[in-house]
Amino acid sequence: MTQAIQSIVIVGGGTAGWMAAAALSHFLRKRQVAIHLIESPDIGTIGVGEATLPGIRDFNLALGIDEIDFIKETQATFKLGIEFVGWKNQQSDFFHPFSNYGQSMYGADFYQVWQHLRKQNKVEELSHYCLSTMLATQGRFAQPRENPQTPLAEYNYAFHFDASLYANYLRKYAVKNGVIRHEKTVTQVTQTDTGFIAGVTFNDATSLTGDLFIDCSGIRGLLIEETLQTGFEDWSHWLPVNSAAAVQSKSAAPPTPYTKSIAMESGWRWRIPLQHRVGNGYVYCDDFISDIDAKQHLLDSLDGQALSEPRTIKFKTGRRNQFWHKNCIAVGLSSGFLEPLESTSISLIQTAISKLIMFFPDKSFNQTDIDEANRQASLEMEHIRDFILLHYKLSERTDTEFWRHIQSIKMPASLEHKINVFKRRGYIVEHEGESFKSASWISMYNGFDVMPNESQIKLDHLDMPQLEQQLKQMATLIQKGATAAPLHQEFISRHCSAPEK
Ligand SMILES: Cc1cc2nc3c(=O)[nH]c(=O)nc-3n(C[C@H](O)[C@H](O)[C@H](O)COP(=O)(O)OP(=O)(O)OC[C@H]3O[C@@H](n4cnc5c(N)ncnc54)[C@H](O)[C@@H]3O)c2cc1C
């Protein structure tokens, strides 16, 4: 009997389910595998999740999806990074770009040179050495290849898109590739004697069996938790926000090429501009503000008319103890959730799919492969958790009960160590499987005015007056490049405007 997987059952048709279906139908096209996807007509999707990380471009590219077509179909706009407003204190404002700062200088790290000269007031703010930050500041956008051929133009970008349109887009793609869609509700999950999942039964009493099951059923984790009971590691003592009020609003201005994250009295608020509307949400901890007040504060903050009543979404931060157990893999919200401060969930869907493809099983479900996939997934989540917590722990806000509570949270040792190492001499500790690389950590430290105490000795040997000149030229070049780029809206109108529906 063949050991090869012959049938895959994906439970859930949200962003996770359709991303998994699209990717598997593409990568398994040369194998005889039946791929089924079940989505319930009665249980909705989470309906948020519209800001992404640059990896989404790689995902689309790997599937042969045309970027312009995808943008038009999903009402997408471009995202160069995130603007953080009011995080350090109520007046503060900084930008976290998807790119590096400056260029390495005679073997010395750019940031080291910059901060050395900064202490002597000889250079501009760090943001002036990052083209994508300068583009964002001016509301402009150009694709990197359209900018001058200089290493300074090596920046990346992501998208804001309509999550339901993206799921529809991938559904069409996957169904065209042969994925079989079932619009039914799973009422029962059956298991074999060894605890593997054997099949699912639907509300119409029909059933479906499979070799491999992918749990994309959302926060509840119908297979991974409700059936296999793999357990959940709760991280809410570190990241206490547990609720969101979300509402869409009319666009009151041209879309910004970035997400906005605005600190609020009991959490923070997102603003995600699409071509046809804006997505807004207030992420908060309900120990400090009621759901009704959070909705009202959200409505009060909108810059365009609300398109409906805000919805309340409840969640718990943490991760499943195992994202892959026996013949079931959790992808998306079923595998755990980190609050959306850095838009990491869709990226985690992508990396979960990559792990599944990398360690694609046969019917023997090799435990070594499963252990390695779980090890990588755990590390990845922990590193993201630390990066998100960094935003809170560097804040100096003590103006509300929520922010005073944040001050009292004890950090995980892993994060405390990283911050301490940076404070000594500006060294960024980078572990295996980190989603956020050193430039992201630098943008945070700098945004919160955390500077290293000592310079690295490498700098002793450099000609600082010459480097000062070079930095001046670099800032001028970047400023020129940014000003020459079209406004974000102009770029969209010219290349990828969504058709009027
Ligand atoms: C407040 C908030 C803001 C977010 N913002 C971002 C962001 O900006 N960027 C980002 O990357 N991510 C964000 N996320 C996360 C993002 O929304 C999700 O990761 C993404 O939408 C994937 O969700 P999902 O497909 O796992 O689950 P869901 O969207 O919940 O889909 C679950 C699916 O399972 C099906 N289902 C459930 N039970 C059954 C059953 N018994 N039978 C049949 N079908 C069933 C449902 O019908 C549905 O199709 C955010 C999340 C929250 C909570």
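Counting starts at 1 for both ligands and their atoms, in listed order.
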Requested in this report: Taking all non-hydrogen atoms of both residues into account, name the closest pair between H160 and P257 and its distance.
Outcome: CE1-C, 4.4 Å
Report task. Indicate the atoms forming the closest heavy-atom contact of L28 with I8, along with that distance. Result -> CD1-CD1, 3.5 Å
I'd like to know whether ligand 1 has [X] as a neighbour, heavy-atom separation below 4.0 Å.
X: F337; answer: yes
X: I349; answer: yes
X: A246; answer: no
X: R220; answer: yes
X: W270; answer: yes

Ligand-side contact atoms (ligand 1) for residue partner [X], heavy atom cut-off under 4.0 Å:
X: G332; value: 26 (O)
X: A244; value: 1 (C)
X: K184; value: 43 (C)
X: A51; value: 7 (C), 8 (O), 9 (N), 10 (C), 11 (O)
X: C216; value: 32 (C), 33 (C), 34 (O)
X: T185; value: 41 (N), 42 (N), 43 (C)
X: S343; value: 9 (N), 11 (O)
X: E50; value: 7 (C), 8 (O)

[X] side chain to [Y] backbone, donor-acceptor under 3.5 Å:
X: W268; Y: V283; result: no
X: D215; Y: I224; result: yes
X: Q188; Y: F202; result: no
X: S7; Y: D211; result: yes

Report task. Quick one: look up the protein heavy atom nearest atom 41 (N) of ligand 1 and list residue, atom name and how far away it is. Result -> V186 O, 3.1 Å
Report summary line: The protein heavy atom nearest to atom 4 (C) of ligand 1 is P340 CB, 3.5 Å
I need the contact type for [X] against ligand 1. Using non-hydrogen atoms and a strict under-4.0 Å cut-off, is it side chain, backbone, both or neither?
X: L53; result: neither
X: A16; result: both
X: S347; result: neither
X: S345; result: both
X: L348; result: neither

With a 6.0 Å cut-off on the ring centroids, do [X] and [Y] count as close?
X: F161; Y: F159; answer: no
X: F95; Y: F84; answer: no
X: F27; Y: F360; answer: no

Report task. Under the ring-ring contact (aromatic ring centres under 6.0 Å, His included) rule, what do F288 and H405 come out as? Steps first, then yes or no, please. Result -> CA-CA 10 Å; F288 300 96; H405 172 71; 5.5 Å; yes
Report task. Compute the shortest N/O to N/O distance between I46 and ligand 1 and return yes if it is under 3.5 Å, no if not. Result -> yes
Query raised in the report: Can an N or O of I43 be found at a distance shorter than 3.5 Å from an N or O of ligand 1?
Result: yes
Query raised in the report: Regarding R57 and the six-membered ring of Y157, is the cationic atom NZ or CZ under 6.0 Å from the ring centre and inside 45° of its axis?
Result: yes
Query raised in the report: Just checking, R397 and W87: is the charged tip under 6.0 Å from the six-membered ring centre and within 45° of the axis?
Result: no
Report summary line: The single option from N203, D204, D42 that satisfies side-chain hydrogen bond (donor to acceptor under 3.5 Å, both in side chains) with K184 is D204
Query raised in the report: Should the pair F387 and H391 be assigned to parallel (<30°), tilted (30 to 60°) or perpendicular (>60°) ring geometry?
Result: perpendicular
**Report entry** For atom 49 (O) of ligand 1, the option (of G49, A163, G13) bearing the nearest heavy atom
**Finding:** G13
**Report entry** From T52, V48, T15, T344 - option closest to atom 16 (C) of ligand 1 by heavy atom
**Finding:** V48
